[in-house]
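All remarks here apply to the structure that follows.
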Amino acid sequence: MPGFELFSDLERNEVNDVLDNGVLMRYGFDGMRNGHWKAKELEAELEKTFESNHVQLVSSGTAAVSVALASAGVGAGDEVIMPTFTFVASFEAIMMLGAIPVLVDIDDTLTLDPKSVEAAITPKTKAVMVVQMCGSMANMDALKSICDNHNLVFVEDACQAIGGTYKGQPLGSIADLGCFSFDFVKTITCGEGGAVVTNNKDYYINADHYSDHGHDHIGHDRGAETHPFLGYNFRISELHAAVGLAQVRRLPEFIAIQKRNYTILRNALARVPGVTFRRVPKGGEESYAFLNFFLPDAESAQKVMAAFKENGIDACWNYYQNNWHYIRKWDHLKDLKSLFPISNEVRDGLKYLQTKTFEQSDHYISRNISCLIKLSWTEEEVNERAEKMAKAIKSIF
Ligand SMILES: *Cc1c(COP(=O)(O)O)cnc(C)c1O
C-alpha cells in the first residue's frame, strides 16, 4: 500500500486510451466509444479477483458502503452495528441513509468482537458491518452465524484488506455485500473510486440502479430509460476506471511485495521482548498492507512512538491519538455537529455516545502500533528499517 508508488506506463496507456477515444462517462455514448468500456472491464476483472458474481463500481469507498447498505434496504431508523476502530467513512455512510451507527468494541484482531456484536443487537438492528482494518480480518464464521441467527444483513468493508483471504475466500467476498475503496492511498488506486461486491443478484441490480440516479440501464438509449426507484449519482468515470484496470492486473505483484516487506519487519520485531502481534483468526491470511503489533502497556507504546520519531522511522501510527480512525477523537460525531438538521430518531439513537465507554477497545488500541507497508521499499531499505525499529523498541525497556 499504496498502489500509486508503482505507477508505470501500464496506467498511463490505459488513461491515454480513454482520452484518445474521448468518452469519459461509463454509461451511454455507445456510438462514440468504439468498444471502450473501462468501467465494465474493471468490473469483470474484479469479479475474477473476488471470485464473486457481481461487482458494481462507484465513486468512492464511502459511496460503496452507503450503496451496499441501501441496496439491502437499510434506511431511516435502522441500527447498523460497526466497530470503534475504523475510518470516519463507516458512520458517515450509515448516517447518509438516516440510519443509526451502533459502535461496539474490537478485540485483539483489531476488528469487530463477535461477543460485543451479539450484545448490541436490538429489535431495530438491521445490519452488521465488519471492517477488515489494516489488512486483516475478524472471525468471519462467528459473525456470519450471528447474522444468520438474527436475520441481519452482513456487510464487509474490505477497503484496507484487498488481497487478504479467510479460509481461502477473498476478503470482501464473504459477507452478503463487500465494499472496497480505490482512493489515492489504497493498495489498488483509481485516484478516487470504490466497488460493491455481491453474489446476490437483487442487491447487485439495486446497487447498479441506485448509484446512477435510479436508471434501469435497459436498452441502449439513456433518454428512454425509466427509474424504478430513487437514486443518486455515485458513478465512477472511465478515466478513474482506466487507472484501476492497470492497477488490478498488478495486484498479485503488489501483494507479493507487501508480503516480503511485512515478513522482514515482523521477523525482526518478533525477536524483541515485549512485542506481540495482532491475532489473525484461524484460516485467515492477511493482505500484508500493515504490520500491527502491541506493546505491554499504553505508556510503552507512546515511548516507542517517540523513539521511532527520534530515529526517523515514519509511516507508523498509534491510533489512540488519531483523529480519523478511533472513536476517542470523534467529537463531531458524539456532539452531532451537522450542517443541516438531523432527525430526532437519529439524535436519540446516538445519545449513548455521550456516556458509553469502550475499555476493551482502549485496551487494544492504546497499546497498538500500526506500520504501513510500502510497495516502493527495496529489500535493503526494509532490512535497514527492521533493524532500526527493533533497536528503537529495545531502547525503551
Ligand atoms: C478508505 C476507507 C474507506 C473510504 O474510502 P474512500 O474511497 O476514501 O471514500 C472506508 N473504509 C475504510 C476502512 C477505509 O480505509
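In each ligand, atom 1 is the first atom listed, and ligand 1 is the first ligand listed.
The salt bridge (charged side-chain N to carboxylate O under 4.0 Å, His left out) search around D105 returns none, not counting sequence neighbours. Residues satisfying the side chain to side chain contact (heavy atoms under 4.5 Å, CB included) test with A242, not counting sequence neighbours, are E14, V15, V18, K38. Scored by the side-chain hydrogen bond (donor to acceptor under 3.5 Å, both in side chains) test, D208 finds H217 as partners (sequence neighbours excluded).
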With the criterion set at N/O pairs under 3.5 Å, what does the list of contacts between the protein and ligand 1 look like, atom names and distances included?
unit_1, atom_1, unit_2, atom_2, d
ligand 1, 5 (O), S181, OG, 3.2
ligand 1, 7 (O), G61, N, 2.7
ligand 1, 7 (O), S181, OG, 2.7
ligand 1, 8 (O), D183, OD2, 2.6
ligand 1, 9 (O), G61, N, 3.4
ligand 1, 9 (O), T62, N, 2.9
ligand 1, 9 (O), T62, OG1, 2.5
ligand 1, 11 (N), D157, OD2, 2.7
ligand 1, 15 (O), Q160, NE2, 2.9
ligand 1, 15 (O), K186, NZ, 3.2

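Of the possible polar contacts, none joining the R279 side chain to the T109 backbone as a donor-acceptor pair under 3.5 Å is found. In this structure, Q360 contributes its side chain and I106 its backbone to a donor-acceptor pair below 3.5 Å.
For the residue pair Y326 / N318, no side-chain donor-acceptor distance below 3.5 Å is found, with atom types taken as modelled.
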